[in-house]
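Only this structure's heavy atoms are used, side chains among them; waters, hydrogens and symmetry mates stay out. Just so you know, ligand 1 is whichever comes first in the structure, and atom 1 is the first atom listed for that ligand.
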Amino acid sequence: MKSVHITNGGGLEHLQIVESANPTPKDNEILVGWHATSLNYHDYLVAIGGIPVMNNRIPMSDGAGEVLAIGKDVLDWKIGDKVMSMFFPGWIDGPPKLEKIAGVSGETIDGYMTTHSCVDQNSVTRIPKGFSYAEAATLPCAALTAWNGLMYTGKLKAGDSVLIEGTGGMSIYGLQIAKAAGAKVFATTSSEIKKERLLSLGCEAVVNYKENERWGKEIYKLSDGGVDHVLDVGGGSTMNQSIEASKIGGHITSIGILSNGRKGAITFPKLFFKFLHLRGIAVGNRDMQNEMIEAIEINQLKPIIDKSFGFEELADAFKYQESGQHFGKIVLEW
Ligand SMILES: NC(=O)c1ccc[n+]([C@@H]2O[C@H](COP(=O)([O-])OP(=O)(O)OC[C@H]3O[C@@H](n4cnc5c(N)ncnc54)[C@H](OP(=O)(O)O)[C@@H]3O)[C@@H](O)[C@H]2O)c1
């Protein structure tokens with residue numbers, strides 16, 4: 001088997017391909033032959049050393065592949081089944097608890113930038129019918145986060161309005177899930193070309209956040225009094241504008257920290273005089289992932305894949321992500 005390891009504290013120049021013998025599954029494990037992964041901003045932070053990990057950690061939280069062997073206590077899977085990973089392999093159902101979210105794929109435990117690995121039988125789900133491995137590998141982090149933020153914690157209803165910010169993997173899934181649920185979608189982007197693409201995918205209106213620093217006010221006007229839901233990806237760099245864009249009683253899901261948004265000051269009177277719900281989330285559990293798979297099949301939703309790379313090209317794929325040219329997901333398949 002082949003895996004990519006993070007060495008020397010991280011950095012794209014320190015991603016090393018290592019060959020070793022195939023592992024054998026324990027009683028409760030399955031051996032998976034992984035065939036694809038996809039890039040998330042979290043994976044990028046891990047790879048460049050922005051999130052410290054132990055030496056030789058295998059990166060990437062997303063994986064899709066085929067079951068090659070099963071341990072003697074495995075009941076749910078058989079050889080040949082197609083499976084995909086979970087961001088939190090230990091969070092099966094119910095609310096998050098520290099012990100359930102301690103294991104993070106590609107960070108605190110090994111991820112899926114590998115041709116083979118043995119994983120607990122409960123730490124994968126099936127992939128949607130008709131999906132390729134590359135398509136399935138776009139789902140466990142990006143799509144599940146958007147699903148949790150909009151459908152599970154946000155309780156989105158048909159007719160609601162949603163703001164997605166930027167055109168990265170999670171946000172484009174936010175657009176697709178919101179449209180499938182019958183919501184009106186507004187968006188921001190830094191690119192005029194991407195703006196046209198967002199409109200062609202059914203967005204009501206798009207504001208360029210680089211050209212208009214007060215984009216939240218503009219979205220408020222365009223949506224006739226604010227949106228019901230915001231998927232906030234910038235934290236300190238976007239939250240005040242997300243609050244501006246919201247309608248009274250709206251729901252903001254705090255998801256990311258793009259554009260150096262790890263910290264920032266919130267204009268609190270706007271938050272409470274608008275009676276807003278502000279909710280932080282991290283991806284989701286296996287029950288949510290299985291529900292999302294059903295919804296993807298019923299709505300015949302397909303991922304928007306911008307570009308595909310090979311196993312040996314992880315650093316190039318991250319450089320492409322860094323350049324911000326992508327719209328939707330970047331994948332690696334082998
Ligand atoms: N909490 C969670 O569970 C969770 C799960 C998934 C992702 N996230 C977070 O969500 C964020 C996005 O992740 P991703 O994997 O989707 O990233 P990604 O695919 O790398 O997307 C990056 C895109 O974000 C947009 N962007 C950058 N700065 C922005 C800003 N200030 N305002 C609006 N858009 C901005 C850009 O879009 P344009 O080119 O259109 O400008 C850029 O192309 C990251 O912070 C990530 O850590 C969190």
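- At least one cation-pi condition fails for K100 and F88: the charged atom is not both under 6.0 angstrom from the six-membered ring centre and inside a 45 degree cone around its axis.
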Write 'none' if nothing qualifies; otherwise put on separate lines each N/O atom of ligand 1 with a protein N/O atom under 3.5 Å away and their distance to 0.1 Å.
from, atom 1, to, atom 2, distance (Å)
ligand 1, 1 (N), I255, O, 3.0
ligand 1, 1 (N), I281, O, 2.9
ligand 1, 3 (O), V283, N, 2.7
ligand 1, 15 (O), Y41, N, 2.9
ligand 1, 16 (O), G169, N, 3.2
ligand 1, 16 (O), M170, N, 2.9
ligand 1, 19 (O), G169, N, 3.0
ligand 1, 19 (O), H326, NE2, 3.0
ligand 1, 20 (O), Q321, NE2, 3.1
ligand 1, 20 (O), H326, NE2, 3.4
ligand 1, 26 (N), Y209, OH, 3.3
ligand 1, 28 (N), S259, OG, 3.0
ligand 1, 31 (N), S259, OG, 2.9
ligand 1, 37 (O), T167, N, 3.2
ligand 1, 39 (O), K194, NZ, 2.7
ligand 1, 40 (O), T167, N, 3.1
ligand 1, 40 (O), T167, OG1, 2.7
ligand 1, 40 (O), T189, OG1, 2.6
ligand 1, 41 (O), S190, N, 3.0
ligand 1, 41 (O), S190, OG, 2.7
ligand 1, 41 (O), Y209, OH, 2.6
ligand 1, 45 (O), I257, N, 3.1

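- With sequence neighbours left out, K2 forms a side chain to side chain donor-acceptor pair (under 3.5 Å) with E312.
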- Message: Under the criterion side-chain hydrogen bond (donor to acceptor under 3.5 Å, both in side chains), I'd like the reasoning laid out for S3 against T114: C-alpha separation, chi angles, the key distance, then a yes or no.
- Response: CA-CA 4 Å; S3 315; T114 180; 3.0 Å; yes

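- Cluster partners of L163 are F186, V207, Y209, W215, I219, L222, V227, V230, M239, I243, I252, I266, F268, L271, F272, F273, L276, L278, counting Ile, Leu, Val, Met, Phe, Trp and Tyr whose side-chain heavy atoms approach within less than 4.5 Å, directly or via other members.
- No continuous path of hydrophobic side-chain contacts links L201 to I305 [ILVMFWY only; heavy atoms under 4.5 Å].
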In residues 146-156, what donor-acceptor pairs under 3.5 Å come from side-chain atoms, sequence neighbours left out?
from, atom 1, to, atom 2, distance (Å)
N148, ND2, V283, O, 2.6
T153, OG1, N148, O, 2.9
K155, NZ, Y152, O, 3.2

